[in-house]
Amino acid sequence: MTLSTILLWLLAALFLVAAFVAGYFILVTRRIAAEAERKVPPVGKFIDVDGNRIHYVDEGEGQPIVFVHGLGAQLLQFRHPLFDRLDGFRLIALDRPGSGYSSRVAGASGRLPEQALVLRHFIEKLGLEKPLIVGHSLGGAITLALALDHPEAISGIALMSPLTHLSEAPPEFQGLLIRSPLKRWLIANTVGVPMAMKYAQQTLAFIFGPQAVLGDYIVKGGGMLGLRPSHIYATSTDFIAIEQDLGRLQARYGEIELPAGLLFGTGDRVLDHKIQGLPMQGKIPGLEIDLLDGIGHMPQFTATAEAVAFIRKMAGRVFAS
């Protein structure tokens, strides 16, 4: 047997091993994703917006409030902890394109102005009359983009633990830095979900810290939905897209003339209030900043009464007339 023949056999063997390993992870991924969807099924309606199939909930009556979730999240992060405590309003929360049960149109970039435009068209399709927008984390950056590019569509903004300025991401998020769409797809459909599941408790402890992770977050808060290939792919896409627009947007905050408020926990480990919160003082005319001493990145779960009071205060400002 010649050396070239031996090398060919070795390459063939390596290919078979790689194919077997990939097949194993694909099967594990599908099993985990199916279990996530069984335990956390869709809870709302669907509507087409710019080619995106948007999943949303629409509850209550009164002045409209629209909730925009953050990176890797979904609408249950608002509906579960807040909706029962905000009677007297029409409450709408959506899964952003690619997240939760919303699909993202092929070729979409996930960039902040793109997501803001989808949100504006979502508001129009539902016939909402100048809603208050509540944006959490990355949803805060999208809310700011909406206020800058489409102020006529909304009445005001309430930012909760928002991303407002470009800064270095924490090490816990570096795994999302996958610039190649092909590599992103391959990872999402093979090792991404099993790895996310392996480190889920560690990741959640970081996101919720210094408070404890709520016991019902995984199912009732929708946390399990992050264990699906489409969700991981969209989360990485959103993460990559931030740097393309946020620097330009943060230079324009002075243009915002809408009523605006900001709620931030001083114990936030994901987004430092000294970098993302306090520097907003004076950039938006009339901006009110409320700080929650020692509270982390998820005030809607860990300081629910304060989060509800903040939203009601902002609703009182924007709907006063």
Side-chain angles (χ1 to χ4, degrees), residues 29-30 32-62 64-84 86 89-139 142-143 145-146 150 153-154 185 188-189 193 218-238 241 300:
T29 293
R30 289 180 177 177
I32 295 172
E35 179 69 4
E37 292 179 351
R38 184 185 70 80
K39 289 188 175 181
V40 190
V43 295
K45 307 171 185 177
F46 290 88
I47 189 172
D48 181 85
V49 181
D50 299 340
N52 305 280
R53 187 170 184 257
I54 301 298
H55 175 235
Y56 71 100
V57 291
D58 185 348
E59 302 177 6
E61 296 181 357
I65 304 177
V66 175
F67 295 81
V68 187
H69 66 77
L71 184 71
Q74 30 63 46
L75 62 82
L76 290 174
Q77 288 204 350
F78 291 118
R79 182 178 185 259
H80 173 52
L82 298 179
F83 277 26
D84 286 346
L86 285 168
F89 298 99
R90 182 181 176 185
L91 307 171
I92 304 100
L94 70 153
D95 290 335
R96 291 189 293 99
S99 298
Y101 281 101
S102 291
S103 62
R104 176 172 280 163
V105 66
S109 66
R111 292 179 60 173
L112 299 176
E114 177 186 89
Q115 296 206 50
L117 183 60
V118 171
L119 184 55
R120 190 241 171 93
H121 290 162
F122 172 79
I123 291 169
E124 292 175 347
K125 280 220 166 185
L126 264 61
L128 304 179
E129 182 68 29
K130 289 185 174 294
L132 168 66
I133 309 297
V134 178
H136 175 250
S137 196
L138 175 59
I142 295 167
T143 297
L146 180 69
H150 312 282
I154 62 178
W185 183 88
N189 284 277
V193 170
I218 295 298
V219 175
K220 291 185 178 179
M224 280 194 75
L225 290 180
L227 299 175
R228 297 178 303 145
S230 60
H231 203 98
I232 288 178
Y233 183 90
T235 300
S236 177
T237 300
D238 289 346
Q300 66 268 49

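All values below come from the heavy atoms of this structure, side chains included, with hydrogens, waters and symmetry mates left out.
One distance of note links CZ of R96 with CD of Q115; it measures 4.5 Å at 0.5 Å rounding. Going from atom CD1 of I142 over to atom CG of D238 covers 6.5 Å, rounded to the nearest 0.5 Å. Remark: R228 CZ to E35 CD distance equals 13.0 Å, nearest 0.5 Å. The distance from the CG atom of L82 to the CD atom of Q77 is 10.5 Å, given to the nearest 0.5 Å. Taking CD1 of I218 as the start and CG of L227 as the end, the distance is 7.5 Å to the nearest 0.5 Å.
Closest heavy-atom contact between A93 and L75: O-CD2, 3.7 Å. Among all heavy-atom pairs drawn from P229 and N189, the shortest one is CB-OD1, 3.5 Å. The minimum heavy-atom distance between H121 and V49, with the atom names listed, is CB-CG1, 3.7 Å.
Residues passing the ring pair (Phe, Tyr, Trp, His ring centres under 6.0 Å) test with H231, sequence neighbours excluded: none. In this structure, the salt bridge (charged side-chain N to carboxylate O under 4.0 Å, His left out) partners of E59, at least two apart in sequence or on a different chain, are R79. For T143, the side chain to side chain contact (heavy atoms under 4.5 Å, CB included) partners at least two apart in sequence or on another chain are V68, I133, I157, L159. Considering only residues two or more places apart in sequence or on other chains, D95 meets the salt bridge (charged side-chain N to carboxylate O under 4.0 Å, His left out) condition with none of them. The ring pair (Phe, Tyr, Trp, His ring centres under 6.0 Å) search around Y233 returns none, not counting sequence neighbours. Residues satisfying the side chain to side chain donor-acceptor pair (under 3.5 Å) test with S99, not counting sequence neighbours, are none. Partners of R111 according to the side chain to side chain donor-acceptor pair (under 3.5 Å) rule, which considers only residues two or more places apart in sequence or in another chain, are D245. Residues that satisfy the salt bridge (charged side-chain N to carboxylate O under 4.0 Å, His left out) test with K220, not counting sequence neighbours, are absent from this structure. Here T237 pairs with R184 under the side chain to side chain donor-acceptor pair (under 3.5 Å) rule; sequence neighbours left out. Partners of H55 by ring pair (Phe, Tyr, Trp, His ring centres under 6.0 Å), not counting sequence neighbours, listed by chain and number: F46, Y101. With sequence neighbours excluded, the residues that form a side chain to side chain contact (heavy atoms under 4.5 Å, CB included) with L128 are P64, V66, R90, I92, I123, L126, P131.
Judged purely by atom type and a 3.5 angstrom limit, N52 uses its side chain to pair as donor or acceptor with the backbone of V105. Counting only distance, with no hydrogens or angles, the side chain of E114 and the backbone of S109 share a donor-acceptor pair below 3.5 Å.
Using a 4.5 Å cut-off on side-chain heavy atoms (C-beta onward), F67 and L86 make contact. Two residues are said to be in side-chain contact when any heavy atoms from C-beta on lie closer than 4.5 Å; V57 and L76 fail this criterion. The closest side-chain heavy-atom distance from L119 to L94 is below 4.5 Å. P97 places a side-chain heavy atom less than 4.5 Å from the side chain of I54.
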Item to check | side-chain contact (heavy atoms from CB on, under 4.5 Å) evaluation trace for F78 with I65 | outcome: CA-CA 11 Å; F78 291 118; I65 304 177; over 6 Å; no

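A perpendicular orientation is assigned to the rings of Y56 and F122, their planes being inclined by more than 60° (bins at 30° and 60°).
Applying the side-chain hydrogen bond (donor to acceptor under 3.5 Å, both in side chains) test to residues at least two apart or on different chains, the pairs with a partner in residues 124-136 are R120-E124.
For D84, the CG atom is loosely surrounded, since the number of other residues' heavy atoms within 6.0 Å does not exceed 12.
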